[in-house]
Amino acid sequence: MTDVVSKSKRSVMMSGIRAGNTRPEIQVRKYLHAAGFRYRLHVRRLPGSPDVVLPRYRLAIFVHGCFWHRHLGCRYAATPATRPEFWIEKLEKNRERDMRAQSELLALGWRVAIVWECSLKKSSNDSLIRLRDFIASESNFDEFV
């Protein structure tokens, strides 16, 4: 099946996809700041360059888009019909890289939280309250779905 837009138009559309400062990420950051937490953004010296880092709690927070990070069982993680082999390979590499970064962070003594985009769409307040509770807990890992 051919693409419904021209190659140049598709290029413009894809260049508009941001890696950082996404709407879900900003939503999490605003909540954390309002709740009194202070954090660092995109700390490159840590594996996976977490979206939000709370050094005081040794916590790395990843805010994952369901499509780009292949949220299993999520309707937003559909594989595109155009060039599915390319997309499956690309998106699986993203998942593998995420798992490796999480393992490395845990091995370094960091706690890890993953906030999925769909959880913020469905019940953002509940997810953010659970994130706040996780920060105060002693748990090492949690996913907010």
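- Remark: side-chain polar atoms of Ser123 are not paired, donor with acceptor, to backbone N or O of Asp126 under 3.5 angstrom.
- Applying the side chain to side chain donor-acceptor pair (under 3.5 Å) test to Glu89 and every residue at least two apart in sequence or in another chain returns Lys93.
- In this structure, Pro47 and Arg100 have side chains that are not in contact, with every pair of non-hydrogen atoms separated by 4.5 Å or more.
- Side-chain contact check for Ser49 versus Val43: every heavy-atom pair is 4.5 Å or farther apart.
- The two residues Val112 and Leu59 make their nearest non-hydrogen contact at N-CD1, 4.0 Å.
- When side chains are defined from C-beta on, Ile61 does not count as touching Val53, because their heavy atoms never get closer than 4.5 Å.
- Scored by the side chain to side chain contact (heavy atoms under 4.5 Å, CB included) test, Phe67 finds Pro80, Trp87, Leu91 as partners (sequence neighbours excluded).
- Cluster annotation: Met99 and Val63 are assigned to distinct hydrophobic clusters (Ile/Leu/Val/Met/Phe/Trp/Tyr, side-chain heavy-atom contacts under 4.5 Å, transitive).
- Nearest heavy atoms, Cys66 versus Cys118: SG-N, 3.4 Å.
- Applying the side chain to side chain contact (heavy atoms under 4.5 Å, CB included) test to Lys121 and every residue at least two apart in sequence or in another chain returns Tyr76, Glu117.
- You'll find the side chain of Ser139 reaches within 4.5 Å of the side chain of Phe134, heavy atoms only.
- When side chains are defined from C-beta on, His42 does not count as touching Pro50, because their heavy atoms never get closer than 4.5 Å.
- When side chains are defined from C-beta on, Leu131 counts as touching Val115, because their heavy atoms get closer than 4.5 Å.
- Close placement of the Phe37 and Tyr57 rings is indicated, their centers lying within 6.0 Å of each other.
- A donor-acceptor pair under 3.5 Å links the side-chain atoms of Ser127 to the main chain of Ser119, judged by distance alone.
- For Ser103, there are no side chain to side chain contact (heavy atoms under 4.5 Å, CB included) partners, not counting sequence neighbours.
- Linking ILVMFWY side-chain heavy atoms closer than 4.5 Å, directly or via other members, places Phe141 and Trp110 in a single hydrophobic cluster.
- You'll find the side chain of Asp98 stays beyond 4.5 Å of the side chain of Phe62, heavy atoms only.
- For the salt bridge (charged side-chain N to carboxylate O under 4.0 Å, His left out) test, residues two or more places apart in sequence or in another chain that qualify with Arg29 are Glu25.
- In this structure, Ser137 OG and Arg130 CZ are separated by 11.0 Å, a value rounded to the nearest 0.5 Å.
- The backbone N or O of Tyr31 lies less than 3.5 Å from no partner atom in the side chain of Arg132, so there is not a single donor-acceptor pair.
- In this structure Asn94 satisfies the side chain to side chain donor-acceptor pair (under 3.5 Å) test together with Arg97, sequence neighbours excluded.
- Within a 6.0 Å sphere centred on CZ of Arg38, heavy atoms belonging to other residues, nucleotides or ligands number more than 12.
- Rounding to the nearest 0.5 Å gives a distance of 9.5 Å between CZ of Arg58 and CG of Leu105.
- Shown here are the side chain to side chain donor-acceptor pair (under 3.5 Å) partners of Asp142, two or more places apart in sequence or in another chain: there are none.
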Problem - Candidate pair Ile135 and Leu32, rule side chain to side chain contact (heavy atoms under 4.5 Å, CB included), full reasoning - result: CA-CA 10 Å; Ile135 293 169; Leu32 290 174; 3.6 Å; yes
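- Residues His71 and Ile114 fail the side-chain proximity criterion, which asks for heavy atoms closer than 4.5 Å.
- In this view, Tyr39 satisfies the ring pair (Phe, Tyr, Trp, His ring centres under 6.0 Å) rule with no residue, not counting sequence neighbours.
- Note: Arg111 CZ to Asn140 CG = 7.0 Å, rounded to the nearest 0.5 Å.
- Every side chain to side chain contact (heavy atoms under 4.5 Å, CB included) that Glu92 has, sequence neighbours left out, goes to Arg70, Ile88, Arg95.
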